Amino acid sequence: MFDEIANLHAKCFPAKPWAAGDFADLKKSGCEIIASQNGFIVYRTVLDEAEIITIGVAPDARRGGIAAAMLGIVEGELKKSGVKKIFLEVAEDNAAARALYARNGYVESGRRPKYYDGVDAILMEKNI
Ligand SMILES: CC(C)(COP(=O)(O)OP(=O)(O)OC[C@H]1O[C@@H](n2cnc3c(N)ncnc32)[C@H](O)[C@@H]1OP(=O)(O)O)[C@@H](O)C(=O)NCCC(=O)NCCS
């Protein structure tokens, strides 16, 4: 299962692919991983807050609502378990992801200068 997610991750993040073992480690460390043939999302919960670690959709399956659906599923699960806030980080130049998060109710809450190889990280959060 982690092999398939790693293959999908490599298509989504060709410059920084994660190995199957990375996903196994994330799972062992308490992260939740939801994956289908065309998409994956990884998140973790600490008390009443959760962080989206990563999300990706296969290039040929984009703009079909898969990422928005995964965010919705995660949000529903987190609400049931008493989580009040979801946060994440996104590269300033990642227009698709920033649009996805904004469209789904995430707002900018801060910035880490030059966080990703010289590109700022935008911090975003959503109260649920
Ligand atoms: C970001 C990503 C996960 C979006 O997945 P997706 O399944 O295509 O997103 P959705 O179809 O659910 O899009 C939902 C909304 O997000 C916005 N959006 C998504 N991709 C967009 C793009 N390329 N340009 C502008 N807006 C975009 C739109 O508002 C879209 O709604 P619409 O299609 O009705 O206009 C996908 O582009 C991806 O895997 N990118 C590479 C990996 C990555 O950067 N992950 C995020 C790391 S923080």
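Along the sequence shown, the residues carry numbers beginning at 1. The shown structure was predicted, so the numbers you read here are calculated from the model rather than taken from an experiment. Whatever order the structure lists ligands and atoms in, that order sets their numbers, starting from 1.
Listed by chain and number, residues touching ligand 1 at under 4.0 Å (heavy atoms only) are C12, F13, I55, G56, V57, R62, R63, G64, G65, I66, A67, A68, E89, V90, N94, A96, A97, A99, L100, Y101, R103.
Under the 4.5 Å side-chain heavy-atom criterion for Ile, Leu, Val, Met, Phe, Trp and Tyr, V90 and F13 are members of distinct hydrophobic clusters. F87 is not connected to V107 by any chain of hydrophobic side-chain contacts under 4.5 Å among Ile, Leu, Val, Met, Phe, Trp and Tyr, and they are in different clusters. At a threshold of 4.5 Å between side-chain heavy atoms, the hydrophobic network of Ile, Leu, Val, Met, Phe, Trp and Tyr places V42 and I52 in two separate groups.
Salt-bridge formation is not detected for the pair D48/K84: no Lys NZ or Arg NE/NH1/NH2 atom is positioned less than 4.0 Å from an Asp or Glu carboxylate oxygen.
Nearest heavy-atom pair, A6 versus A19, reported as atom, atom and distance to 0.1 Å: CB-C, 3.8 Å. Nearest heavy atom pair, residue S36 against residue L8, reads O-CD2, 3.8 Å.
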